[in-house]
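Just below is one structure, and these are the notes that go with it.
Every value quoted in this text rests on a predicted model; they were computed, and no experiment measured them. Computation of the quantities below employed the complete heavy-atom set of this structure, encompassing side-chain atoms and omitting hydrogens, waters and symmetry-equivalent molecules. Counting starts at 1 for both ligands and their atoms, following the listed order.
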Amino acid sequence: MVIVSPSILASDFSRLGEEVAAVYKAGAEWIHIDVMDGHFVPNITLGPDIVKSIRPHSDAFFDVHLMIDDPLFYAESFKKAGAELITFHVEAPCDVKETISKIKELGLKVGISVKPKTPADAVKPYINDIDLVLVMTVEPGFGGQAFMADMLPKIREIKEMINESGRDVLIEVDGGISPQTADLVYEAGTEVLVAGSSVFRAEDYKKAIDDLINACGK
Ligand code: DX5
Ligand code: ZN
């Protein structure tokens with residue numbers, strides 16, 4: 001199984017609703033929504049009101065990636081806006097266990113994410129409580145960066161951890177995913193491919209999504 005989650009960070013923000021509708025029509029099952037607060041990362045993107053405004057434009061699964069300092073405080077607003085999965089960072093200055101519980105109490109799927117310099121071990125204490133691990137293959141903050149191939153062993157390590165747990169936890173990978181890198185992360189155990197530039201900068205969204213899936217041989 002491989003799921004493509006196009007990151008709207010690379011879309012035309014002046015036509016956000018149309019862009020979301022277009023990738024959904026082109027076959028995207030998920031939409032990746034990057035939320036940045038200017039504290040956790042040196043960039044600012046969008047908040048719950050924007051998520052709410054794009055919600056009616058597709059039935060895609062809303063995959064919200066919070067790169068913010070206080071995911072506990074904002075989780076409920078994103079749920080109300082239409083988020084279905086909320087992923088936040090283990091490096092955020094928050095109580096990770098409490099934040100996981102809060103997101104689950106809201107009736108949402110919950111993911112935790114690790115930046116490139118954070119080891120796989122950081123995920124271990126939470127593996128029994130989460131639905132997804134998001135492995136960053138670029139430093140979070142900006143789209144269009146080069147894929148870090150040295151993250152592949154970490155993906156394999158997390159895959160092993162998940163297999164040992166016997167739980168159904170997905171691995172999602174974010175940053176520099178293209179048909180050239182998709183197969184590498186897929187082989188390492190990834191199920192969900194976040195793709196910003198490689199989808200939204202393409203002429204043909206359907207071809208771009210199909211090329212990612214085909215690169216994985218699935
Ligand atoms: C970076 C974001 C990514 C970004 C990926 O902080 O989390 O989702 O949009 O963009 P590409 O696919 O262009 O590397
Ligand atoms: Zn992201």
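Environment of CZ in F147: crowded, with over 12 heavy atoms of neighbouring residues, nucleotides or ligands closer than 6.0 Å. In this structure, N128 places its CG atom where more than 12 heavy-atom neighbours from other residues, nucleotides or ligands lie under 6.0 Å away. Heavy-atom contacts from other residues, nucleotides or ligands closer than 6.0 Å to CZ of F13 number more than 12. Within a 6.0 Å radius of NZ in K52, no more than 12 heavy atoms belonging to other residues, nucleotides or ligands are found.
Among the atoms of G176, some N or O lies under 3.5 angstrom from an N or O of ligand 1. In terms of polar-atom proximity, D174 is counted as a contact of ligand 1, with an N or O under 3.5 Å from an N or O of the ligand. Remark: ligand 1 and G141 share an N or O pair separated by less than 3.5 Å (distance only, no angle test). Checked against a 3.5 angstrom limit, the closest N/O atoms of M36 and ligand 1 fall outside it. For ligand 1, the polar-atom distance check against M136 finds no nitrogen or oxygen pair separated by under 3.5 Å.
For atom 1 (C) of ligand 1, the closest non-hydrogen atom of the protein is F142 O, 3.6 Å. When only non-hydrogen protein atoms are considered, atom 13 (O) of ligand 1 lies nearest to S197 OG, 2.4 Å. Of all protein heavy atoms, the one lying nearest to atom 10 (O) of ligand 1 is G143 CA, 3.5 Å.
Within D174, the N, O or S atom at minimum distance from the Zn ion (ligand 2) carries the name OD2. The atom of H65 nearest to the Zn ion (ligand 2) is ND1, with the search restricted to N, O or S atoms. Looking at D34 and the Zn ion (ligand 2) together, the shortest N, O or S contact belongs to OD1.
No salt bridge links K159 with E187; every basic N to acidic carboxylate O contact stays at or beyond 4.0 Å.
Below 4.0 Å from some heavy atom of H65 lie the following atoms of ligand 1, by number and element: 7 (O). Residue-ligand proximity, G144 to ligand 1, at heavy-atom distances under 4.0 Å covers atoms 10 (O), 11 (P), 13 (O), 14 (O). Within the listing of ligand 1, atoms 8 (O) sit less than 4.0 angstrom from a heavy atom of V194. Atoms of ligand 1 found under 4.0 Å from any heavy atom of P140 (numbered from 1 in listed order, with element): 6 (O). The D34 neighbourhood of ligand 1 comprises atoms 2 (C), 3 (C), 4 (C), 7 (O), 8 (O), 9 (O), with distances under 4.0 Å to a heavy atom of that residue. Interface of H32 with ligand 1, defined as ligand atoms under 4.0 Å from a residue heavy atom, comprises 8 (O).
Put simply, NZ on K117 and CE on M136 are 12.5 Å apart, with the number rounded to the nearest 0.5 Å. With rounding to the nearest 0.5 angstrom, the CD atom of E160 is 11.0 Å from the CD1 atom of I162. The distance from the CD1 atom of I3 to the NE2 atom of H32 is 13.5 Å, given to the nearest 0.5 Å. To the nearest 0.5 Å, atoms NZ (K207) and CG (N214) are separated by 9.5 Å.
For S7, every heavy-atom contact with ligand 1 shorter than 4.0 Å involves the side chain, none the backbone.
Cation-pi geometry between K115 and F40 is met: under 6.0 angstrom from the ring centre, within 45 degrees of the axis.
Considering D34, V35, N43 as possible partners of M67, the one that fulfils the side chain to side chain contact (heavy atoms under 4.5 Å, CB included) test is D34.
Residue nearest to atom 12 (O) of ligand 1, selected from G196, S11, S198: G196 (by heavy-atom distance).
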Item to complete: Please test L9 against M36 for side chain to side chain contact (heavy atoms under 4.5 Å, CB included), starting from the C-alpha separation and ending with a verdict.
Response: CA-CA 10 Å; L9 188 61; M36 307 184 190; 3.7 Å; yes
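Scanning all heavy atoms of the two residues, the minimum distance from L134 to D174 falls at CD1-CB, 3.5 Å.
In this structure, G175 has a heavy atom closer than 4.0 Å to ligand 1. Using a 4.0 Å heavy-atom cutoff, M67 is listed among the residues neighbouring ligand 1.
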